[in-house]
Amino acid sequence: MSKQDIDQRGLFPALDKVIALYFKNEPNSFVQAEKYLI
Amino acid sequence: MYFEDYEAIADDLAVNIIDTLIQEYHPEEIIMFATHQHTPFRQDTYYIAKILERKFAEQGIKSRICEYQSDPRDRDQAFLFFQKFFEENKNLKSAQAIVSGSGGVPAMKEALNFYSVMNLIEPRIVDVDENSHQVMESNIAQVYLKNFQKESLISLIAQHDYSGAYQLITANNSLIKQPQIARHLLYLSMKYNFDLEQANKYAENNNSLFPRLQLLDHGMSVEEMLSVKYQIFMLLFDNLKITYEKGEYTSLLGKVFALKENLIRYLVEDKYQIRTDNLTLQEADQLLARYPRLKEKKTPNGKASGIVYHFDTYVLQQMITELDFFDLLNAVSSLSGERNGSIMAHGF
């Protein structure tokens with residue numbers, strides 16, 4: 001399994017679309033926590 | 001002086017720097033790095049080290065000589081030499097090592113100091129004034145090491161490696177002064193690994209320093225369940241993106257399949273405001289009666305499949321034909337070939 005395998009299937013654009021349709025598009029909670037730590 | 005003359009001069013033999021260090025630190029073992037070049041050179045220190053080895057033995061101090069056979073001015077060779085030395089002497093890592101910065105050729109001293117800082121947990125690099133016998137201890141090595149480790153820590157966090165960052169901190173107690181950073185990293189590690197119950201317990205034990213993560217409970221109302229599932233999906237989406245950025249593609253694949261199955265279920269439950277877990281056959285029948293389209297789709301041959309009653313993923317998928325997330329279903333489905341062919345599934 002590689003990055004190319006994932007990218008070729010358009011997984012993340014499709015996931016972003018689902019988030020935009022049914023969920024809040026909020027900042028990533030892990031990244032927010034990292035900003036606090038760094 | 002010759003090696004054979006040792007007995008005659010033993011009582012008068014004084015080595016100012018080393019004697020001062022012995023008096024100050026009472027070492028259990030002395031390691032001497034002595035030049036012993038292939039082509040003998042008048043400033044080689046090997047035979048002096050042999051004399052000192054004998055002197056130390058008489059003082060009851062264990063010692064050993066590490067021979068350096070290259071040109072001591074050759075910086076590359078000096079660095080390689082000390083790199084190899086520390087690789088072969090990993091037991092020194094946690095030793096209370098005193099590294100003498102006095103004496104020696106600049107390239108050798110530089111290499112020794114560099115690898116001491118890199119390899120020893122708490123190196124103490126000292127200099128001795130051979131006239132006044134004063135020991136000067138500098139903590140610049142520790143400062144440098146701490147800065148280096150802090151950079152490593154920041155890099156690990158930026159790469160979302162919470163577990164690695166936490167381990168780095170716990171292995172070096174003095175690395176950071178704020179204990180809440182270690183706690184945050186451990187909490188993030190639990191959260192990233194979906195160890196949510198443990199994360200909540202940890203939060204409670206730390207005066208609710210972290211927000212409580214919502215967990216599913218069979219006794220919840222549909223509304224409560226949907227609210228919790230919503231939060232869990234937000235967590236799963238964040239997790240997927242982090243896993244992708246970390247380059248953990250195999251792990252990502254497993255999570256994507258869990259996402260697909262649960263997302264279908266959630267969207268159906270949200271659309272129809274129902275629960276699809278723990279349904280009795282009677283409840284399933286009632287639901288099917290309310291949504292006849294589902295039954296028609298699943299039983300084209302007129303047989304009521306058991307799958308229908310259990311509301312499995314396939315059935316649920318039929319219910320959401322009007323929901324707009326086919327791109328995701330297609331992306332995940334197209335990855336199923338990769339998954340099935342891998343050793344994570346049927347690749348053996």
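Nearest approach of B:Tyr244 to A:Ile6, heavy atoms of both residues: CE1-CG2, 3.9 Å. Taking all atoms of both residues into account, the shortest heavy-atom contact from A:Pro27 to B:Asp238 is O-OD2, 4.5 Å. The two atoms that bring A:Glu34 and B:Ala158 nearest to each other are OE1-O, 4.4 Å, heavy atoms only.
Interface remark: of the candidates B:Phe237, B:Phe233, B:Tyr266, B:Tyr192, B:Phe237 forms the most heavy-atom pairs closer than 4.5 Å to chain A. The residue among B:Leu188, B:Leu185, B:Leu259 with the most heavy atom pairs within less than 4.5 Å of chain A is B:Leu188. Looking only at heavy-atom pairs under 4.5 Å with chain B, the residue among A:Val31, A:Ile38, A:Asp16 that has the most is A:Ile38.
Below 30°, between 30° and 60°, or above 60°: for B:His184 and A:Tyr36 the angle between ring planes is between 30° and 60°, a tilted geometry.
Residue A:Lys24 touches chain B through both its backbone and its side chain, counting heavy-atom pairs closer than 4.5 Å. For B:Tyr162, the part sitting under 4.5 Å from any heavy atom of chain A is the side chain, from C-beta outward, and nothing else. For B:Gln180, the part sitting under 4.5 Å from any heavy atom of chain A is the side chain, from C-beta outward, and nothing else. At a 4.5 Å heavy-atom cutoff, B:Tyr187 makes no contact with chain A through either its backbone or its side chain. Using a 4.5 Å cut-off between heavy atoms, B:Leu253 touches chain A through its side chain atoms alone. In this structure, the portions of A:Leu15 lying under 4.5 Å from any heavy atom of chain B include both its backbone and its side chain. For B:Leu153, no part lies near chain A; criterion is any non-hydrogen pair under 4.5 Å. The contact between A:Phe23 and chain B is made by backbone and side chain atoms together, counting heavy-atom distances below 4.5 Å.
In this structure, the separation between NZ on B:Lys241 and OG on A:Ser29 is 11.5 Å, given to the nearest 0.5 Å. Expressed to the nearest 0.5 Å, how far CD1 of B:Ile181 lies from CG of A:Leu37 amounts to 6.0 Å. Rounding to the nearest 0.5 Å gives a distance of 5.5 Å between CG of B:Leu240 and CZ of A:Phe12.
Geometric assessment of A:Lys3 against the ring of B:Tyr249 yields a negative cation-pi assignment under the 6.0 Å and 45° thresholds.
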